[in-house]
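Input: a single structure, listed below in structure tokens.
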Amino acid sequence: MLAFLGAIICIIASVHPAGTAAPAAAAAPAADNDSAAAALLPAADKGLGALHGPAEALASAGPRLPGGPPPPLFSRFVCTPLSAECPATGTGTGPASGPGPEELLALRSAAAQLRRTALEQKERIRMDQETIRELTGKLSRCEGGLRNPPAAAAGAAPPAAAAGLRAAPRPGTMGHPPAEPPAVRELEEAVRALQDRIDRIEQELPARTNGSAPTAPALARDTLHSKMEQLEEQLLSKILTLQKERQAASTDRSQQQHNIEKELNSLQNRVTELEHGPPGYSPPDAFKVTIPVQNNYMYARMKKSLPELYAFTICMWLKSKALAGLGTPFSYSVPSQANEIVLLEWGTNPLELLINDKVAQLPLSLKDKAWHHVCVAWTTRDGKWSAYQDGEQRGAGENLASWHAIKPQGVIILGQEQDTLGGRFDATQAFVGELAQFSVWDHMLAPAEILGLANCTSHLQGNVIQWDDQAVEVFGGASKGGFTACEEGRKA
């Protein structure tokens, strides 16, 4: 590389006039780049002088104005001095001699390299011109379409003058670019013009887009979206309203059913009173509950519950109208045990007493469709129990739920067997007939006391549950009617 640069410096230094190189080197050492280059040469007529002749002969070959200074042979170049000296064939005092074969070969190589570089620059400039010409045409078409949309739609081509450049290249211009600096300047100007036009188009596009009115399809689409949103809001509000109403209906359903049943029972009682004429005075326990049909919705409920019991006696009058089993005259259920106390005859099974889901079979016969007085007694000590029919003990036993305490706060239902607390009745286990005088004591009654109740010679009331018209509610079509135990017993 240093040899190549040195050869270029020698070429530039050898083309200066010979008359100025030596005095300048003697007067001022390395005053400028030219003097530095001249100082590197031993004589003015050496270097390229052997190829092109003396400087005076070359100067006389060109035109010269009378009285004017001789024209310069070449342009002055700015060269950077190097520490290496240019090769020379002789010393400064010896006779002038031409360059050797090696110097000529190096000079020719340098000239060929410069020529190739110039050709490459011309080819690059030509390719840039083609690119600029193509971009100019596209920008002209874009500008014509933006400024005159109907003409662009009809296929009208924009005028050539709108491109900002000459349509046809002329010799010595962009069409045939010379290698001189004006071609480079023209190229830069064309690039700047293209950049300005691109900036103007970018500024015009947002303004036109914002200023343009919305089309009819866009307006219709927006209107449709707004209507759909309104309909969705209305539908959602209606769904929420229906959900609230459904929740309120499900919450009040049981209460409404209870109220309807109470009203129906009161109406039935009123009809019964009207049919039999104005009733006279009767004690509060002189009534019976009638369940005419075997189903899972007719029953009576005691308003009062049981406390915790370690013994009990339950007595009642009943008259069954069932064809097969007696059903369930009464049942007591608590939250943790559905069969806390149950008197049940189901299907072909005998009458059973269930305490805490433990079973004892009672040898009673109550299927003759007549009134009978029934009592069952039990104590937690050893689980002893006894059963009475019409004042007579018919059965007794032990080990029925021994040492178990009857749980409090349960529900007493007359006429239905409870599978859950106060509900889930089974129609096949329902009682059909009439019930009266249901009473509960917290101890086992003596046989004489039970006989007095059955013979109507005693009016002993239960100390836990008493039979009172205000303490019994009927549901589902069950009704209340007048009842006198001894009179009904004699009629039977």
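Below, all heavy atoms of this structure are taken into account, side chains as well, without hydrogens, waters or symmetry copies.
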*asked:* Before we go on, tell me: are the rings of Trp403 and Tyr310 under 6.0 Å apart, centre to centre?
replied: no
*Intermediate values then yes/no, side chain to side chain contact (heavy atoms under 4.5 Å, CB included), Arg126 and Glu123*: CA-CA 5 Å; Arg126 187 185 66 78; Glu123 181 64 22; 2.4 Å; yes
*Would you call Ile355 and Ile406 a side-chain contact if the rule is heavy atoms closer than 4.5 Å?*
yes
*Heavy-atom closest pair, residues Phe431 and Thr328*: CB-O, 3.4 Å
_Applying side chain to side chain contact (heavy atoms under 4.5 Å, CB included) to Ile314 and Phe438, what does each step give before you reach the verdict?_
CA-CA 7 Å; Ile314 299 176; Phe438 180 84; 3.6 Å; yes
*Please confirm whether the backbone N or O of Ala446 pairs with a side-chain atom of Glu449, one donor and one acceptor, at under 3.5 Å?*
yes
*Distance in Å, Arg116 CZ paired with Leu119 CG, rounded so as to fall on 0.5 Å steps*: 9.5 Å
*Can the ring centroids of Trp378 and Phe312 be said to lie less than 6.0 angstrom from one another?*
yes
*Got a donor-acceptor contact below 3.5 angstrom from the Thr313 side chain to the Leu445 backbone?*
yes
*Measure centre to centre between the rings of Trp371 and Phe483, then say whether the value is under 6.0 Å.*
yes
_Short side-chain to backbone donor-acceptor contact, Asn463 and Asp442, under 3.5 Å_ = yes
*Candidate pair His372 and Asp390, rule side-chain hydrogen bond (donor to acceptor under 3.5 Å, both in side chains), full reasoning*: CA-CA 6 Å; His372 295 280; Asp390 298 329; 3.0 Å; yes
*What is the distance from atom CG of Leu451 to atom NE2 of His373, rounded to the nearest 0.5 Å?*
10.0 Å
*Nearest atoms (heavy-atom pairs only) where Phe330 meets Met316*: CD2-SD, 3.9 Å
*Distance, nearest 0.5 Å, that separates SG of Cys315 from CH2 of Trp467*: 13.5 Å
*Considering all heavy atoms of both residues, which atom of Ala427 and which atom of Gln294 are nearest to each other, and what is their separation?*
O-CG, 3.2 Å
*Mind listing the closest non-hydrogen atom pair of Ala405 and Glu340 along with its distance?*
O-OE2, 3.8 Å
*With side chain to side chain contact (heavy atoms under 4.5 Å, CB included) as the test, would you mind laying out the steps for Ile341 and Leu354 before giving the verdict?*
CA-CA 5 Å; Ile341 305 175; Leu354 281 73; over 6 Å; no
*Atom CD1 in Ile450, atom CG in Asn455: separation rounded to 0.5 Å?*
12.0 Å
*asked:* Under a 3.5 Å distance rule, please check whether Thr457 uses its side chain to pair with a backbone N or O of Gly452 as donor and acceptor.
replied: yes
What pairs of donor and acceptor atoms, side-chain ones from residues 410-422 against any protein atom, are under 3.5 angstrom apart with sequence neighbours left out?
unit_1 : atom_1 : unit_2 : atom_2 : d
Gln416 : NE2    : Asn295 : O      : 2.7
Gln416 : NE2    : Met298 : O      : 3.1
Gln418 : OE1    : Gly422 : N      : 2.7
Gln418 : NE2    : Ser331 : O      : 3.2
Gln418 : NE2    : Ser331 : OG     : 3.2
Gln418 : NE2    : Val411 : O      : 3.1

_Nearest-0.5 Å distance that lies between atom CZ in Arg394 and atom CD in Gln389_ = 4.0 Å
*Sequence neighbours left out, what passes side-chain hydrogen bond (donor to acceptor under 3.5 Å, both in side chains) with Gln429? Give chain and number order.*
none
*Could you list the residues that satisfy salt bridge (Lys or Arg N to Asp or Glu O under 4.0 Å) with Glu130, not counting sequence neighbours?*
Arg133
*Report the residues that fulfil side-chain hydrogen bond (donor to acceptor under 3.5 Å, both in side chains) with Glu473, sequence neighbours left out, ordered by chain and then residue number.*
none
*asked:* I need the Lys319 NZ to Asp368 CG distance, nearest 0.5 Å.
replied: 10.0 Å
*Under the salt bridge (Lys or Arg N to Asp or Glu O under 4.0 Å) rule, collect the residues that match up with Lys367, sequence neighbours excluded.*
Glu345
_ring-ring contact (aromatic ring centres under 6.0 Å, His included) partners of Tyr332, counting only residues at least two apart_ = none
*Minimum heavy-atom distance Trp317-Leu453, with the two atoms named*: CZ2-O, 4.1 Å
*Applying side chain to side chain contact (heavy atoms under 4.5 Å, CB included), run through Leu343 and Leu351 and close with a yes or a no.*
CA-CA 7 Å; Leu343 184 63; Leu351 187 63; 4.0 Å; yes
*Salt-bridged, Lys138 to Glu134, with N to O below 4.0 Å?*
yes
*Report yes or no: does Asp468 contribute a side-chain atom to a donor-acceptor pair with the main-chain N or O of Gln470 at less than 3.5 Å?*
yes
_Give me the atom names and distance for the closest heavy-atom approach of Ala300 to Val472._
CB-CG1, 4.1 Å
_Among residues at least two apart in sequence or on other chains, which ones pass side-chain hydrogen bond (donor to acceptor under 3.5 Å, both in side chains) with Lys480?_
Asp469
*Looking at residues at least two apart in the chain, or sitting in another chain, which of them share a side-chain hydrogen bond (donor to acceptor under 3.5 Å, both in side chains) with Asp426?*
Thr428
*Would you confirm whether Lys407, through its side chain, and Leu306, through its main-chain N or O, come within 3.5 Å as a donor-acceptor pair?*
no
*Just jot down the side-chain contact (heavy atoms from CB on, under 4.5 Å) partners of Gln461, sequence neighbours excluded, or say none.*
Asp285, Gln466
*Can you name the side-chain contact (heavy atoms from CB on, under 4.5 Å) partners of Glu229, sequence neighbours left out?*
none
*Among Thr290, Ile291, Leu318, the one residue meeting side-chain contact (heavy atoms from CB on, under 4.5 Å) with Glu434*: Thr290
*Can you name the residues that form a side-chain contact (heavy atoms from CB on, under 4.5 Å) with Gln243, not counting sequence neighbours?*
Ile239, Leu240
*Residues forming a ring-ring contact (aromatic ring centres under 6.0 Å, His included) with Phe475, sequence neighbours excluded*: His258, Tyr299
